[in-house]
Every structure is written in C-alpha cells, then in structure tokens.
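Inspection log for the structure reproduced underneath, given as structure tokens.
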Number of protein chains: 2
Amino acid sequence: MKTVSTNNSHGGVQGVYSHASATCNCEMTFSVFVPPQAESNPCPVLYYLSGLTCTHANVMEKGEYRAVAAKRGIIVVCPDTSPRGDDVVNEDAYFFGSGAGFYVDATEEPFAKHYNMYSYVTQELPTLIGDNFNADMDRQSIFGHSMGGHGALTIALKNPDQYKSVSAFAPICAPSGTEWGSNAFSKYLGDESTWRAYDSVSLIEDGNRLGDILVDQGTGDEFLESGLRPQLLEAACAEANIPLTLRMQDGYDHSYYFISSFMADHIAWHAERL
Amino acid sequence: MKTVSTNNSHGGVQGVYSHASATCNCEMTFSVFVPPQAESNPCPVLYYLSGLTCTHANVMEKGEYRAVAAKRGIIVVCPDTSPRGDDVVNEDAYFFGSGAGFYVDATEEPFAKHYNMYSYVTQELPTLIGDNFNADMDRQSIFGHSMGGHGALTIALKNPDQYKSVSAFAPICAPSGTEWGSNAFSKYLGDESTWRAYDSVSLIEDGNRLGDILVDQGTGDEFLESGLRPQLLEAACAEANIPLTLRMQDGYDHSYYFISSFMADHIAWHAERL
C-alpha cells in the first residue's frame, strides 16, 4: 500500500492510498479518514460508496463527514467507483466503464478481468484496512450515494453478518428496470436472470434481509423517477417487514450539497449501530 | 444580477451569481449561502475572501461552512479573488493576475482598469448583497484564507466601522516583505511607499485599530516562514494593544482540510460579534 497524501483534518488524518489490486487487476486508489480516537483504540469502519463519474475524491472534498466521524471515532473509507488504467476496457459514457463499476463482479468479457468491485469492496479492501489501520473489523458499516447507494444496499443485503448498518443517499433502488442498470448489467453480467443478485428490490423479494435502513432522497432530484425510484424499495421493505426510514427531503437535488446536508444524520445512524 | 445556480443545502440555499461589475469592469461571479432564518428575518453577512488561485467555488465546495451558518443564521458571501475575462490583463503565474487580485485597488497600468478588488469587496459587492438578499447590512463581518486572510485583515483595519469582526486562516500578515507581496504590489501599486495601505502589520504600525482578531495557523504549513509570518502580526498587535487570538494548530497544512477543521470556530467567533 502506497501513501499518496495525508492531511491533518478535524483532529484526525485524511489520507489517500493506492495499491495493486488482485481483485481488479489494476492499481486502485482509496481514501481513509482516521479519527483521533484511533491513536489509542481500534475504531469501527464505515465505507462510503460513491456514484457515477466519481472517484474517492468527490466525497472526501465535498462530503463534510470528518467533523462527525472525528467526534464519534469512526474510520471512514472511500473507495473508487471502478477499476481504472490503460489496461482497463472503458466506454465513452458517464454511466458505463470507468467511474461506473456498479459494485458487481463482472462475468462477461471483456469486463470480467477488471470490473470486480463487489469482491473488491467486500473482501480485498476490508483486508487491506484491517492490516494497515487501527480498525475494529468486527464493527463495519456501509453507505453510499446513487450508484453507491445501490452498492451499499445490495452489499449489506448480501452480507448482513459483515455490516452492522446500512444507509443511502438517493440510491438506485431497482437498477434492473432503469436505462443505467440494464445497460450496465447486460454488459457486465449478461443474461437478465443474473441481475437479481445485484438489485436491492429483487434481493429483498428473493428473501434477503437486514436490520433496518435509512434513506434520504431529495424531492428535487432530476433522477428521482428515471433512475432512483425509492417507492419500489419502500414497497419491497414493507412487504418484507424491513424497517425503512425513507426521508423525502423537500427541494434537495442529487448533488453533494444534498449529501453533505444530511451526512451528520447518517454518521449518527451508523455510530448508534456500530 | 444573474443566477448561475442554486442548490438547497443545510436547510438554506447555496447560490452562485454573476453581474457586470462597474468596479472591476468585467463580469464577476460570487456565491451566497442564505440560511433558513432569512425567510423571516434579515440576517447578518459574513464575507469569506479566498486565497491565491481560488475562485468563489473552492470554499463553497470544501469549506464546510454551511452547517454552522445555517444554525447561526448567517449569510455567507464568497467573492472571486480577482477580475477575469478576455479583456483582463493577466500573467502566467499563480501569484499574480487572474486568481491573485490581492484585494487592492490597482493604480498602475495596465492593471488599474480591472484590478480593484478592494473597492469591489468593500463597496460594490455589499450594495449588491443588500439590494438582492434579506441581509441586515448593519451587521457585516469578514474573514479569509492566505491572500484572503490578508484581504480580510487589511479591509477590517481600514474599515473598522463597517465590519463587526474579523478572523483569518493562515493569513499573509505582512505581504510587503514577501516575494508574493512585493511582486504583486510593485505591479499593482507602483512605488513601495504606497504598499503600507495594504499591509496589515504596516497598517497597525500606522495607527489603524480594531476590536480583536482570531487567527488559526497550521504549524505544518509550507508557506509559514516564507509568506505568512504570523509572528509579525503578533508583535504588531502586542505593541498596539490589539487583542489577537493566534492559535498555532499542530501539523496542519495550508489546505482546505485545515480550513474546514476550524471553520466552525470562526463562524462562532463572528456569530458572537454580529
């Protein structure tokens, strides 16, 4: 693991690191905020998964998570959203390829060699965090935004024992039925029958369960009806008796101005469960 | 005044606006955060002046001021750091020209037509804010970072009746004796005798006074000795009996990771005085 940069911030250290990923077969970059409490005690780990077009840097710069994470003693880990590099097959679209890994393990060529963000986030990255930081790996939680909200929800639903809690900002709740999701899943995963394993609503319909979920969604979000569709998650959770706190935030859009506004609430949600 | 963008954030609205500036003779862009309290009552105004290379956008994205400003009911106005545009004479240097207005009124050609950030910040911009927002213009304060800390201190020292309070992150305390300052001042202002009117330490030596000052400075700041020199401000304030709270922050650098760490303290400092 290489240190790209470290900056003192809010009493802790905001770092950026890179490593040769065996899962994604390329150099991967991620950020870690280490709160001051980690100097003396192992701290719980909260993963933030970012949305389409983002890297680790967007939330690191605009997410406003450090003040509360420092107060509550939480390590915040922000991975990239896809494999990258000259060897990685890409397409010239904001919703596919670089910046759009969709947190799946691709099975189709030419994507299967690199596009394995599901295993990267759930296995390789946690091992790296446990080995290199003063982290209590028995206390991990996950959240994210948009495509990263989809990632957080599907990962938590598939690994309820690994994550103590999950939340999301404006998640893609049922990607299979959207242009974004059907385009990505058909290329990464192939046959439509395999998509259900990476679709939160389908996973709940198929019997996956977890404790409870917090979702914030702006009513002024331009992707609300075309891509996000929280009403489908609401219906699935109601049917499955999964407690969902869905907060429709008046006039908020899809940007980091929205995310940062409710970041403290989400960190508090996880802190209470970690 | 044209609206470039608005985003709901932290219960208020983060806006970006532009207008044809009569002072700078070009189109100028600035950001305004309006807290929720302004829906019912006029709110005080806090100006944030940015550092070299910055526009209005850096602090808007990375400054983490909205949570506290929304709580305390303060309008936060962030102007650009210089005139811009095809007509504006520029130099290919990060420390002069575009992004480096140094908050002076230039007297030398070819800069005098556009580089009038002092009058822009103290006169034209406040009039625009008073005319277009629910602002209590009897309650104004000012702060800034680096070159913008220099701007905030000099502007407050020269206009003690206009601003209720002043603070700075890593300000350029005595620009005349630095490479940055002597390069800029010689080109914008000409003869060295005129520089004292835009140098905080000189202004204090020459009898300018104000209530009190808060300064945060990172000990790991790469520009500490070459450009910032808080010890000179400390000595001048001691000599002049100006109460200065100078906080040397262990290991912090010159970045927004430093600024955002202490932003809440600075907003609170101003809120108590506004």
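So you know, we letter chains A, B, ... as the sequences are listed, proteins then strands, and number each from 1.
The two atoms that bring B:Ser9 and A:Ser260 nearest to each other are OG-OG, 4.3 Å, heavy atoms only.
With hydrogens and angles ignored, the 3.5 Å screen pairs no side-chain donor or acceptor of B:Tyr257 with any backbone N or O of A:His10. Judged by distance alone, the side chain of B:Asn7 and the main-chain N or O of A:Asp253 form no donor-acceptor pair under 3.5 Å.
Under a cut-off of 6.0 angstrom, the local environment of CG in B:Asp131 is crowded, with over 12 non-hydrogen atoms contributed by other residues, nucleotides or ligands. Annotation: A:Glu179, atom CD; neighbour count of heavy atoms from other residues, nucleotides and ligands within 6.0 Å does not exceed 12. Under a cut-off of 6.0 angstrom, the local environment of CD in A:Gln231 is crowded, with over 12 non-hydrogen atoms contributed by other residues, nucleotides or ligands.
B:Tyr252 touches chain A through backbone and side chain together, each having a heavy atom under 4.5 Å away. Residue B:Glu61 touches chain A through both its backbone and its side chain, counting heavy-atom pairs closer than 4.5 Å.
Residue with the most contacts toward chain B among A:Gln249, A:Lys62, A:Glu64: A:Glu64 (heavy-atom pairs, distance under 4.5 Å).
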